[in-house]
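Here the structure is laid out as structure tokens; the discussion comes afterwards.
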Amino acid sequence: MSDILIVSNLGKQFGGIKAVDGLSFAVREGDIHGLIGPNGAGKTTTFNLVSGFYKPTHGSVKLFDEEISGLRMHHVAKKGVIRTFQHSTLFAELTVLDNVLVGTHMMFKPSLTAAFLGRERQSRAKAIGRANEVLEFFGLQAFVDQLAGELSHGHQRALGMAVAMASQPKILLLDEPFTGMNPEETQTMMGLMGKLRDTGITLLLVEHDMTAIMGLCDRITVMNFGKLLTEGKPLEIRNHPDVIEAYLGKQKNAT
Amino acid sequence: MSKPKLLILFSFLLLAVILIVLPHGLSYSQREILVFLTINILVVSSYRLLTLTGEWSLGHIVMMGVGAYGSALYTKELGVPVPISMVLGALTAGIIAWGLSFPLFRMKGFYFLIGSFAAGEIIRLLWKRFRDPFGGPKGIKRIDPFPDIDLGFVRIDFFDPVNYYYFALIIVVLCLVILWRIEKSMIGLTFHAVHWQDKLAESTGVNVRAYRTLALVISATFAGLAGTLLAHYIGTVNPNVFDIEQMVFVLTWAIVGGTTTIYGPIIGCIILTALNEIVLREMGLEQGRPLVYGLILIASVLFMPKGLEDVVKKVIDWIKLHVLTGRIKNV
């Protein structure tokens with residue numbers, strides 16, 4: 001299968017700190033790809049670089065053959081790279097339906113003249129149709145009229161993904177989607193991600209929850225100190241000595 | 001038609017009748033104030049559109065001034081007929097706002113507020129500094145009035161405040177309908193999205209800068225139109241009409257009224273104008289207006305942080321609960 005996202009020699013420097021330092025990896029189309037590493041390894045910075053939130057100091061990010069590094073975030077989104085944020089970043093003051101409607105922004109671009117003349121009904125009906133489709137996919141259709149801020153944590157995370165999903169991504173970047181979830185919610189979320197992959201969307205996720213990562217990912221990239229540590233299938237990663245060392249420290253020989 | 005709809009229709013009809021009859025029960029000077037009030041409602045309502053994106057500007061009143069100066073100059077210097085010059089004046093305000101958006105939207109929140117104040121002051125000081133064509137501190141005088149309309153059987157003279165009030169009312173209501181439609185459209189939803197989580201909005205492909213600019217330009221255009229309405233009524237404009245004190249009045253109307261609904265700022269504007277014109281004028285305390293407004297602003301932030309609109313919301317809820325459901329039960 002072809003590579004959908006190719007990161008090569010990517011670097012980001014904040015003052016004297018190299019948060020990401022010459023990182024290279026590739027994500028295959030249709031995979032669930034995990035990006036893991038100890039705290040401060042530069043995972044979220046990598047996400048921010050890929051999604052256009054930061055401009056890289058050097059290196060390149062390609063979507064298929066197209067260079068996307070250095071583009072602004074909404075341009076990157078237009079290419080089909082959609083990200084979610086850590087914690088429950090939502091439009092808490094808007095209803096669940098309105099949240100997802102914002103996600104359909106690119107499919108149904110609002111027109112000022114239509115708004116002036118009050119002739120928006122058709123495109124709005126289509127957008128609402130799309131939003132309902134997505135909400136059903138994530139099992140949120142019962143909450144359409146509730147404010148997003150009033151949902152339970154698990155539902156908020158699902159809604160965050162629904163907003164991203166509504167904009168028809170080619171690849172979805174999920175930043176710690178399992179944080180703060182109980183085992184039951186984690187299970188539901190894992191099921192949702194499997195379903196998402198089955199619709200043909202590639203997923204790249206940053207995560208600390210090892211059960212979720214090991215159970216879900218096709219491939220895993222491990223980072224440490226801004227650099228690539230290793231890459232491989234979950235089973236290889238689990239037993240890799242460098243990974244164990246990065247997480248737990250070097251084993252001292254008992255004398 | 002269902003009962004709630006009938007009730008809404010009836011309230012709108014009642015409101016229309018009140019608005020039409022109102023000037024005939026007032027004295028001449030009160031009629032003039034009514035014209036200013038109508039214009040100010042457009043100013044504060046257009047201001048609210050910008051606040052939807054979460055940005056508060058201190059340059060809005062200057063945008064009104066750009067419309068007023070623009071329209072006055074187009075008629076005086078270029079001989080453009082008044083109705084067309086008014087449209088051009090409004091568009092000028094929109095274009096100036098678009099130009100200002102480039103430096104201003106490098107900032108957000110408090111910095112944007114201060115930046116917009118500085119930008120507004122620059123424009124205002126340019127009016128003061130350059131006698132040609134802006135007339136310096138004394139401004140522009142003898143601006144052409146809105147031309148009389150002669151229908152043969154009736155002649156409408158817009159020098160009469162009642163006639164000008166009707167004219168302004170029609171324009172303002174039309175503008176309010178457009179503003180309302182924009183807010184209820186997908187564009188309005190995007191404005192809200194930009195306000196509450198600009199990063200999330202951007203990650204789903206919203207060009208946040210473009211939408212902030214759009215809100216600024218639309219609000220400035222309508223403020224400019226309000227300015228032209230003022231200029232061709234009072235026949236003179238000068239830089240002091242659009243100074244920071246006026247801006248603080250607009251802010252006070254918006255904050256006291258509340259900005260989550262379209263009627264909030266309008267209510268704020270009406271109540272405070274009434275307070276000013278009826279209570280303060282009667283008591284001979286007109287000079288104390290800034291003082292009283294300041295006290296009201298502090299009091300409303302302390303005791304009514306959701307604004308006057310919250311009171312209206314509660315009344316509407318009460319009507320829904322008691323009047324409507326009560327009736328339906330009886331049927």
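Sequence lines set the chain letters: A, B, ... in the order given, protein chains first and strands last, and positions in each chain run from 1.
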Pairs of heavy atoms under 4.5 Å with chain B: top-ranked of [options]:
options: A:V163, A:T84, A:L94, A:V76; answer: A:L94
options: A:R124, A:E93, A:R83, A:K79; answer: A:E93
options: A:S111, A:S51, A:A115; answer: A:A115
options: A:P110, A:A77, A:A127; answer: A:P110

Max heavy-atom pair count under 4.5 Å with chain A, selected residue of B:I178, B:N207, B:I182: B:N207
Top contributor to chain A contacts, counting heavy-atom pairs under 4.5 Å, from B:M186, B:E183, B:H192: B:M186
Closest non-hydrogen atom pair between A:T89 and B:Q197, with its separation: CG2-OE1, 3.3 Å
Just wondering, more than 12 heavy atoms not from [X] lying within 6.0 Å of its [atom1]?
X: A:K78; atom1: NZ; result: yes
X: B:Y111; atom1: OH; result: no
X: B:W56; atom1: CH2; result: yes
X: A:K195; atom1: NZ; result: yes
X: A:I17; atom1: CD1; result: no
X: A:D198; atom1: CG; result: yes

Per-residue contact mode, B:S203 against chain A (heavy atom under 4.5 angstrom): both
Under 4.5 Å from any heavy atom of chain A - which part of B:L214: side chain
Rounded to the nearest 0.5 Å, what's the gap from [atom1] on [X] to [atom2] on [Y]? Could you check?
X: B:T204; Y: A:Q168; atom1: OG1; atom2: CD; result: 13.0 Å
X: B:I218; Y: A:F116; atom1: CD1; atom2: CZ; result: 5.5 Å
X: A:F85; Y: B:L200; atom1: CZ; atom2: CG; result: 6.0 Å

Structural part of A:A92 lying under 4.5 Å from a heavy atom of chain B: neither
Under 4.5 Å from any heavy atom of chain B - which part of A:L173: neither
Close approach to chain B in residues 67-75 of chain A, criterion heavy atom under 4.5 Å: A:R72, A:M73, A:H74
Interface residues of residues 95-108 of chain A facing chain B - heavy atom cut-off under 4.5 Å: A:D98, A:L101, A:V102, A:G103, A:T104, A:H105, A:M106
A:F53 and B:K199, any side-chain heavy atoms less than 4.5 Å apart: yes
